[in-house]
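Written out below as structure tokens is the structure these notes cover.
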Amino acid sequence: MTTNFLDQLNPAQRESVESVDGPVLIVAGPGSGKTRVITNRIAYLVLHQKVSPYNIGAVTFTNKASREMKDRLVPLLGTEAKILTVGTFHSFCSMILRRSGQYLGLSNNFVIYDDDDQISAVKQSMKDVDIDPKQFNPRTVLSTISNSKSQLVNYEGFNSQKSNYYEEVVSKIFERYEEILSQSSALDFDDLLLKTHQLLTEFQDAAKIYQTKFHYFMVDEFQDTNIAQYSIAKIISETSRNLCVVGDPDQSIYSWRNADIRNILSFQSDFPEAKILPLEQNYRSSQNILDAAKNIITKNQQRVDKNLWTSNDKGSLISIDEAYDEEEEARKVIKEIQGLVDNDEYSLSDFAVMYRVNAQSRSFEMACQRFGVPYQIVGGVKFYHRREIKDITSYLRLILNSEDDISLSRIVNVPPRGIGQRTLSEVSRIARQNNKSLYESIISITSGNNTSHQLGNRAINSLNQFISCIDQLKNSAGNLDIMQLIDLTVLETGYRKYLETDENSEERMENVQEYRNSSREYSSVPALEGLVGFLEGISLISDIDTFEEGIDSITLITLHQSKGLEFPIVFITGMEEGLLPHIRSLDSGSPEELEE
DNA sequence: TTAAATGTTCTTTTT
DNA sequence: GAACATTTAA
């Protein structure tokens, strides 16, 4: 099988593929075939260097990228490709924590809180420690916490470093926030990284397992990694020294998510012997487009110049069109697309309409509908963030782990069952007082063990009904596969009936159906394990993962999500003051943000 | 005390 | 147009 896959590469790509030993930094310009280089690198290791795929690890930016990588490797490596570890940094860490989390006292059935859950947890924390959400925006507080964690500073660290009033307040919230999460056996996105790092630094034998397993480790989109991610990669390859990172400082667009471009500098000082390989030939774009991009980005103050070039044609010039408002803009774009398709020059899947913020998609959706142009929208109101989906997910989480306070508070009165604000805050007070979860507290109230509450019979009755419903589902959970469990939950909790009264009843029912179908791949797994796997999957999935290429429709997508994709024709819309760049990066006063 | 109805505020990019 | 806050009816 030592086929000629290497012959299809240019000399620079080939060198990147064959330089497998020791630390390597590949500075890969846009459209330079870096995905191809990484996959071929893995193939080269297996076929030429006789490394088992079991001993190779690679982390990508999205699940989509890792799936594509595997798909490309299957024809080269056959079924062996299956034992390769490829995934996002978060799913990679999640795997480690499920296997070795017991070192840290973690339950291996932990759930992963997404941003909605995190916000709920922050709000709850603020309530618990008596801080007015009007004075301190929960979102800002969360981003401070998240920022701290992604720099490997946990609550204890934050608390000891706090230096002003704001940090003092955050510190209080932070403490409670961590309590809530740990009580609920939940980890947030940052915890996945932080705890993995903690595990690998504090427990030598745990670290050793992974250091021995991974002889070769690769990190894609290295410019988008944060400090925690880089540290983990470094520890994993401490013994082997075979760490290969691929990135491009010019394509760093995630610093607001704590991606730290200084990782590239640190890499060079941490691994002074590292080979640095540039990939500068661009296969994606025409010369004109490359020139335009270059002329913009060279205006940036802090950057090392790259010599991007292409042997592609000059291509057509970039055309600029002006519209009176977003409706006219959408109409013009869609008309233009229709014209090109009608001439049989292109098919719908060749087109992408890109914009800076999701809200801009609406005018294009409307125009598509009006002119009958099929479209695929990436992102926006995310499937797994829809209300009905989050509700059922919360029920499932509660079935798995009743101590999950955030999930319980979300659905305790959905559908309405007579457990209102007053009742819930009383239960919450009792729970705080006894340092117990909401679920336990409800049981102690309904069973009469706790009488220090001020709840009437009506409320206790409602609580009783709720608890017996959840308990019944818990008892059934062990004998049902995930799809059956979803069906039973929707039925027994009265959620189905509740949806029937909703104004968007049909659409929401369809979403539930789709949700149920998406659990199919876990239905063959043993009951509890299937539930855990399914819940993890939906937490770590990203919008771009559901994007389907080759469908006969145009693509509506944010600039951020379009990273790594290719389209023959692209419309960049809303290029106006305040939108691109966004007003928030103008305001911030930091030139870096504006440059980004 | 809860549930429904009405009013108000806010809205970058996301694993 | 969704999330949140406040008012009103039951």
Side-chain angles (χ1 to χ4, degrees), chain A residues 59-66 87-94 112-116 118-120 123 132-134 137-139 142-143 146 149-150 187-193 220-221 224-226 228-229 252-259 354-362 365 378-382 384-387 390 410 412-426 454-463 498 501 503-504 536-545 557-563 574 578-588 593-594 596:
Chain A
V59 284
T60 54
F61 191 60
T62 60
N63 289 304
K64 183 172 186 283
S66 57
T88 61
F89 239 116
H90 288 86
S91 55
F92 176 73
C93 290
S94 174
I112 300 164
Y113 274 4
D114 65 18
D115 45 353
D116 273 3
Q118 291 180 52
I119 282 290
S120 309
K123 285 182 182 163
D132 183 7
K134 273 189 189 140
N137 183 333
R139 220 158 264 284
L142 178 61
S143 90
S146 165
K149 285 191 184 183
S150 57
L187 300 182
D188 64 19
F189 286 129
D190 302 300
D191 282 334
L192 289 173
L193 308 171
D220 192 10
E221 305 287 8
D224 291 327
T225 55
N226 62 30
Q229 289 168 320
S252 151
I253 53 170
Y254 282 97
S255 70
W256 51 272
R257 211 172 75 187
N258 303 317
M354 301 184 183
Y355 35 78
R356 177 63 223 276
V357 301
N358 282 308
Q360 287 172 268
S361 68
R362 190 167 308 157
E365 273 193 279
V378 182
V381 182
K382 302 157 179 117
Y384 289 101
H385 284 213
R386 285 167 208 213
R387 205 175 63 215
K390 294 233 46 164
R410 183 185 175 92
V412 70
N413 204 29
V414 183
R417 41 170 83 88
I419 304 171
Q421 238 176 45
R422 177 66 232 283
T423 307
L424 191 62
S425 69
E426 181 63 9
Q454 302 168 357
L455 292 169
N457 277 336
R458 188 163 62 135
I460 293 181
N461 245 333
S462 307
L463 289 173
Y498 168 68
T501 64
E503 51 185 326
N504 299 322
E536 168 167 324
I538 60 181
S539 301
L540 294 181
I541 200 168
S542 65
D543 297 308
I544 193 73
D545 295 334
I557 191 170
T558 65
L559 290 163
H560 280 83
Q561 300 230 53
S562 69
K563 190 173 206 169
L579 256 183
L580 195 73
H582 197 269
I583 188 130
R584 296 276 271 250
S585 53
L586 288 168
D587 285 347
S588 69
E593 248 180 85
L594 191 59
E596 182 172 304

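Sequence lines set the chain letters: A, B, ... in the order given, protein chains first and strands last, and positions in each chain run from 1.
When the P atom of B:dA3 is taken as reference, atom CG of A:N413 falls 5 Å away, rounded to whole Å. The separation between A:F61 atom CZ and B:dT14 atom C1' is 8 Å, rounded to whole Å. In this structure, the CD1 atom of A:I119 is 13 Å from the C1' atom of B:dT14, given to the nearest Å. Nucleotide B:dT15 holds its P atom 11 Å from the CG atom of A:D224, rounded to whole Å. In this structure, A:Q118 atom CD and B:dT15 atom P are separated by 13 Å, rounded to whole Å. In this structure, A:R257 places its CZ atom 5 Å from C1' of B:dT14, rounding to the nearest Å. Rounded to an integer number of Å, the gap from A:L559 CG to B:dT13 P is 11 Å. Rounded to whole angstrom, the span from the CD1 atom of A:I557 across to the C1' atom of B:dT13 amounts to 12 Å.
The side chain of A:N358 places an N or O atom within less than 4.0 Å of a non-bridging phosphate oxygen (OP1 or OP2) of B:dT13. Between B:dT2 and A:Q421, no contact under 4.0 Å exists linking OP1 or OP2 to a side-chain N or O. Look at A:T558 and you'll find a side-chain N or O under 4.0 angstrom from OP1 or OP2 of B:dT14.
Checking A:T88 against A:S91 by side-chain atom types alone, a donor-acceptor pair falls below 3.5 Å.
Aromatic stacking of A:W256 on B:dT13: satisfied, with centres closer than 5.5 Å and planes within an angle under 30 degrees.
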Please lay out, stage by stage, how A:F189 and A:L540 fare under the test side chain to side chain contact (heavy atoms under 4.5 Å, CB included).
CA-CA 9 Å; A:F189 286 129; A:L540 294 181; 3.8 Å; yes
Do A:Y254 and A:E596 pass the side chain to side chain contact (heavy atoms under 4.5 Å, CB included) test, and can you show the C-alpha distance, the side-chain angles, and the key distance before you say yes or no?
CA-CA 9 Å; A:Y254 282 97; A:E596 182 172 304; 5.8 Å; no
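In this structure, A:K390 forms no cation-pi arrangement with A:Y384, as its terminal cationic atom is not both closer than 6.0 Å to the ring centre and no more than 45° off the ring axis.
Mapping A:L424 and A:L540 onto DNA chain B by nearest heavy atom places A:L424 closer to the 5' end of the strand. Residues A:R387 and A:K134 each lie close to DNA chain C; by heavy-atom proximity, the contact nearer the 5' end of the strand is made by A:R387. Place A:I541 and A:T423 on DNA chain B by their nearest nucleotides, and A:T423 ends up nearer the 5' end.
Of all nucleotides listed (B:dA4, C:dA3, B:dT14), B:dA4 comes nearest to the side chain of A:P416. When distances run from any side-chain atom of A:F189 to the nucleotides B:dT15, B:dT13, C:dC4, the shortest one goes to B:dT15. The side chain of A:R362 sits closest to C:dG1 out of C:dG1, B:dT13, B:dA4. Distance from the side chain of A:R458 is smallest for B:dT2 among the nucleotides C:dA3, B:dT13, B:dT2.
No more than 12 heavy atoms of other residues, nucleotides or ligands sit less than 6.0 Å from atom CG of A:N457.
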